[in-house]
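Here is the structure we will look at, set down as structure tokens.
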Amino acid sequence: MSYMDYVRTFKLPHSWCPGCGIGTIMQAIVRAFDALGWKNEDIAFITGIGCSGRMSTYINTNSMHTTHGRPLAFATGVKLARPDKHVVVVSGDGDALAIGGNHFIHAARRNIDIKLVIINNSVYGMTGGQVSPTTPQMFRTQTTPYGNIEPNFDVVKLAIAAGATFVARESVTRPRNLEKVIEKSFLHKGFSVVEAISNCHINLGRRNKLKDQITMLRWINDRIIPMNVAKRKSPEEIKDKIILGVFHEDKEREEYTQLYEKLVETVRGSK
Amino acid sequence: MKRVVMPGNETVAHAAVAAGCRFYAGYPITPSSELAAEMSKLLPKVGGKFIQMEDEIASMAAAIGASVAGYKAMTATSGPGFSLKQEHIGLACMMEVPVVIVNVMRGGPSTGLPTHPAQGDVMQARWGTHGDHPIIALAPAFPTEIYMETIRAFNLAERFRNPVILLLDEILAHTYEVVDIPEPEEIELVDRKLPPSGLDRLDFYTYQRKEGDPPLLPNFFQGYNFHFESLAHDEMGFPTTDPEKVTHISRLREAKIEKHREEIWKNDEYMLEDAEIVIFAYGSVARSAKEAINRLRAEGIKVGLFRPVTLWPFPQQPLRKAVEERKVLVTEMNSGQMVYEVERALRRDVFTLFKADGTPISPVEIMDKIKGELI
């Protein structure tokens with residue numbers, strides 16, 4: 001087996017822009033599959049709409065390209081139907097946090113064993129670069145031509161507050177770390193969230209003086225800081241930094257489908 | 001056979017379980033909530049899965065997800081929730097996933113009249129989701145028929161790999177009535193056909209098929225790494241914008257229903273033979289119509305009923321054949337919806353009696369209309 005066995009090579013070349021971070025994230029995901037030795041046919045890979053949504057076309061497992069913002073709702077049906085299988089969802093920042101925000105917080109609250117990777121490129125890329133819930137303040141987008149006045153979500157805090165039991169953040173500028181943290185999240189039993197910081201130089205960068213991938217990746221790289229390093233800094237020093245690492249891991253809380261199975265046993269036992 | 005007294009909402013739940021439904025996802029909404037409540041009681045007992053999702057959209061999605069994973073799945077709702085589910089009904093049409101949607105119709109538009117009956121969603125059942133798509137919608141009118149049509153809804157969904165909409169209204173959903181429940185061995189059940197397991201390649205078990213056939217798609221985890229796609233896709237399930245391929249697969253989706261209309265159509269004709277006037281009515285209104293017919297006949301006025309149980313695909317030919325040149329009265333609990341199909345089928349104007357104020361159409365209203373305008 002090689003990680004390429006999880007890729008529908010006959011569907012390549014892919015449709016993403018040159019230099020997009022999504023390829024790095026996709027490779028991290030299939031490398032994690034390979035490292036864990038998961039069988040293709042035991043994985044359901046579900047995506048929503050947007051650049052991230054296209055990934056299900058290229059992943060060689062059971063796959064489903066669904067509607068905008070709702071992949072977690074479909075995944076909930078799949079996982080509840082087949083708790084014995086691996087259910088992985090890839091979603092963008094607009095998909096998961098704007099139109100799909102409700103499904104995100106409720107999947108986290110239930111702690112259903114779905115592995116979510118959020119590709120956060122801070123913009124609606126596929127539709128031409130509109131402001132998203134994670135666009136930095138004062139950034140220019142197609143729909144904020146004078147600058148974005150809205151504050152952005154902190155995905156990690158949101159996920160923890162909603163009840164996710166594994167929450168991490170990584171960056172496409174650290175592909176090996178990204179792969180390792182995704183692998184770790186896949187091993188977690190419960191709702192896991194990995195926020196992967198990515199670049200959209202085409203539809204976000206070019207409006208904000210970051211118009212090629214190198215410039216934009218450098219900009220990301222200058223802002224990230226690993227959690228262990230951040231711990232040694234003063235709050236002032238890390239004010240504008242994106243902290244990377246595993247923020248939350250709760251192995252105690254029971255997973256939803258297991259609780260459901262127990263309920264069924266109790267109900268059937270008491271007949 | 002077993003005789004039970006229960007309201008329509010519960011009848012649907014019991015019939016669904018008898019039909020093999022083992023997954024329900026829903027969201028509370030009047031007047032369909034008791035259906036979800038009954039499913040939450042029944043499903044764990046038979047090892048099935050019940051989940052109350054965070055909204056209507058999610059419950060439609062979860063039902064589709066479970067169906068893709070091999071379960072017979074259902075969701076239920078009413079007007080506003082039915083509107084919210086439309087995008088995913090279209091997705092199930094596009095991906096050709098079997099699923100049953102119950103819509104207990106209430107007064108609309110918007111929040112409307114939550115605790116009152118209506119038939120204002122019959123066109124939404126046909127055209128509610130965007131884009132061209134095939135659909136099946138059933139509208140039972142009697143308690144035992146609700147039971148049997150629920151089973152038929154699952155059978156049709158599985159047979160044609162398409163969403164099937166079961167339309168009730170607040171009266172049918174809430175009225176406690178006597179239901180004759182057949183023994184399990186008397187019920188014919190249909191399960192979706194799957195490709196054989198263990199093939200090297202799936203080439204001939206995808207969206208490829210003879211025109212008129214439903215596709216033979218694998219379930220998730222059956223051993224094939226099959227892709228379900230919401231974009232326009234080719235016969236292998238992968239996205240395409242090729243106009244020829246788009247037209248071809250869209251034609252295949254339509255044809256699987258169109259070519260089996262006779263199998264899907266179901267109508268009830270009552271005292272039609274010697275009737276001079278034909279009432280066209282469906283759902284609970286048809287029951288008022290039957291009563292009106294009995295009373296009018298006692299007065300010597302010859303009236304009959306054509307009652308479609310299958311609303312979509314619309315029974316054009318059976319209606320034409322049954323009605324011939326006779327006078328027709330279309331009566332429905334809305335401001336006139338199915339009447340467009342009736343007039344299109346008959347290619348002439350008909351008499352109408354519509355009401356959309358939250359109250360049922362009574363036998364007396366139908367009698368007055370006929371006495372006042374049709375004779």
Side-chain angles (χ1 to χ4, degrees), chain A residues 6 8 10-11 15 39-49 53-54 56-85 87 99-100 102-103 105-107 109-110 112 256-257 260-261 263-268 271, chain B residues 22-25 40-73 75 86-92 94-95 97 99 197 218-231 233 236-239:
Chain A
Y6 298 92
R8 290 183 178 125
F10 62 97
K11 293 313 293 178
S15 60
K39 282 189 188 157
N40 306 53
E41 51 270 28
D42 289 342
I43 304 167
F45 193 87
I46 302 170
T47 58
I49 297 295
R54 292 304 183 105
S56 57
T57 318
Y58 309 121
I59 300 281
N60 190 29
T61 63
N62 304 281
S63 61
M64 182 154 53
H65 183 203
T66 65
T67 54
H68 195 20
R70 326 290 180 196
L72 283 172
F74 290 91
T76 299
V78 173
K79 185 67 192 183
L80 185 52
R82 293 298 301 270
D84 55 323
K85 303 295 181 184
V87 181
I99 191 167
N102 201 25
H103 312 307
I105 57 173
H106 286 276
R109 177 179 61 83
R110 282 185 197 107
I112 187 164
Y256 177 79
T257 59
Y260 192 90
E261 296 294 316
L263 177 90
V264 168
E265 275 169 36
T266 315
V267 171
R268 299 187 99 173
K271 250 202 301 205
Chain B
R22 291 294 178 272
F23 190 96
Y24 182 96
S40 74
K41 240 188 274 170
L42 296 176
L43 280 176
K45 288 186 190 165
V46 293
K49 314 289 169 91
F50 173 94
I51 187 167
Q52 182 174 313
M53 292 297 284
E54 54 272 19
D55 60 33
E56 295 279 3
I57 299 170
S59 53
M60 188 69 227
I64 292 171
S67 180
V68 164
Y71 276 57
K72 289 189 186 178
T75 184
Q86 291 298 336
E87 185 189 5
H88 286 166
I89 293 175
L91 179 80
M94 186 59 141
M95 298 195 313
V97 174
V99 62
S197 290
N219 286 335
F220 262 19
F221 314 118
Q222 204 197 315
Y224 301 109
N225 300 316
F226 190 70
H227 181 60
F228 286 90
E229 178 59 66
S230 63
L231 284 161
H233 42 260
M236 295 304 288
F238 292 108

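Only a predicted model underlies this, so the values are computations on that prediction, with no experimental measurement involved. Numbers restart at 1 for each chain; the letters A, B, ... are given by sequence-line order, proteins then strands.
Looking only at heavy-atom pairs under 4.5 Å with chain A, the residue among B:N219, B:I64, B:D55, B:V68 that has the most is B:D55. Residue with the most contacts toward chain B among A:V264, A:T76, A:T61: A:T61 (heavy-atom pairs, distance under 4.5 Å). With chain B as the partner, the residue from A:R82, A:H106, A:E265, A:R8 showing the most heavy-atom pairs under 4.5 Å is A:R8. Contact tally against chain B (heavy-atom pairs below 4.5 Å) for A:I59, A:L80, A:D84, A:L263: the top residue is A:L80. Among A:T66, A:L72, A:V78, A:I43, the residue with the largest count of heavy-atom pairs under 4.5 Å with chain B is A:V78.
Within the 3.5 Å criterion, the main-chain N or O of A:K85 finds no donor-acceptor partner in the side chain of A:D42. At distances below 3.5 Å, not a single donor-acceptor pair connects side-chain atoms of B:Q222 with backbone N or O atoms of B:Y224. One N or O on the side chain of B:H88 and one on the backbone of B:I57 form a donor-acceptor pair closer than 3.5 Å.
B:F228 and A:F74 have their aromatic ring centers separated by at least 6.0 angstrom.
The shortest distance between side-chain heavy atoms of B:K49 and B:L43 does not fall below 4.5 Å. Taking the side chain as every heavy atom from C-beta outward, A:Y260 and B:P44 approach each other to under 4.5 Å.
With a 4.5 angstrom heavy-atom cutoff, A:I49 touches chain B only via side-chain atoms. Heavy-atom distances place the side chain of A:E261, and not its backbone, under 4.5 Å from chain B. Only the side chain of A:K11 comes within contact range of chain B, judged by heavy atoms closer than 4.5 Å. Only the side chain of A:F10 comes within less than 4.5 Å of a heavy atom of chain B; its backbone N, CA, C and O stay farther away. With a 4.5 angstrom heavy-atom cutoff, B:Y71 touches chain A only via side-chain atoms. Only the side chain of B:M95 comes within less than 4.5 Å of a heavy atom of chain A; its backbone N, CA, C and O stay farther away. Neither the backbone nor the side chain of B:H233 has a heavy atom closer than 4.5 Å to any heavy atom of chain A. Proximity to chain A (any heavy atom under 4.5 Å) is restricted, for B:F23, to the side chain, taken from C-beta onward. If you measure heavy-atom distances from B:F50 to chain A, the contacts under 4.5 Å come from both the backbone and the side chain. Residue A:R109: no heavy atom, backbone or side chain, is found under 4.5 Å from chain B. For a residue to count as touching a neighbouring chain, one of its non-hydrogen atoms must lie under 4.5 Å from one of that chain's; by this rule A:F45 does not touch chain B.
Using a 3.5 Å distance cut-off with no hydrogens or angles, the side chains of A:T47 and A:S56 do pair a donor with an acceptor. Checking A:H65 against A:T57 by side-chain atom types alone, no donor-acceptor pair falls below 3.5 Å.
Residue pairs satisfying the salt bridge (charged side-chain N to carboxylate O under 4.0 Å, His left out) criterion with at least one member in residues 63-81 of chain A, sequence neighbours excluded, are listed as follows: A:K79-A:D113.
For the side-chain hydrogen bond (donor to acceptor under 3.5 Å, both in side chains) test, no residue two or more places apart in sequence or in another chain qualifies with B:S40.
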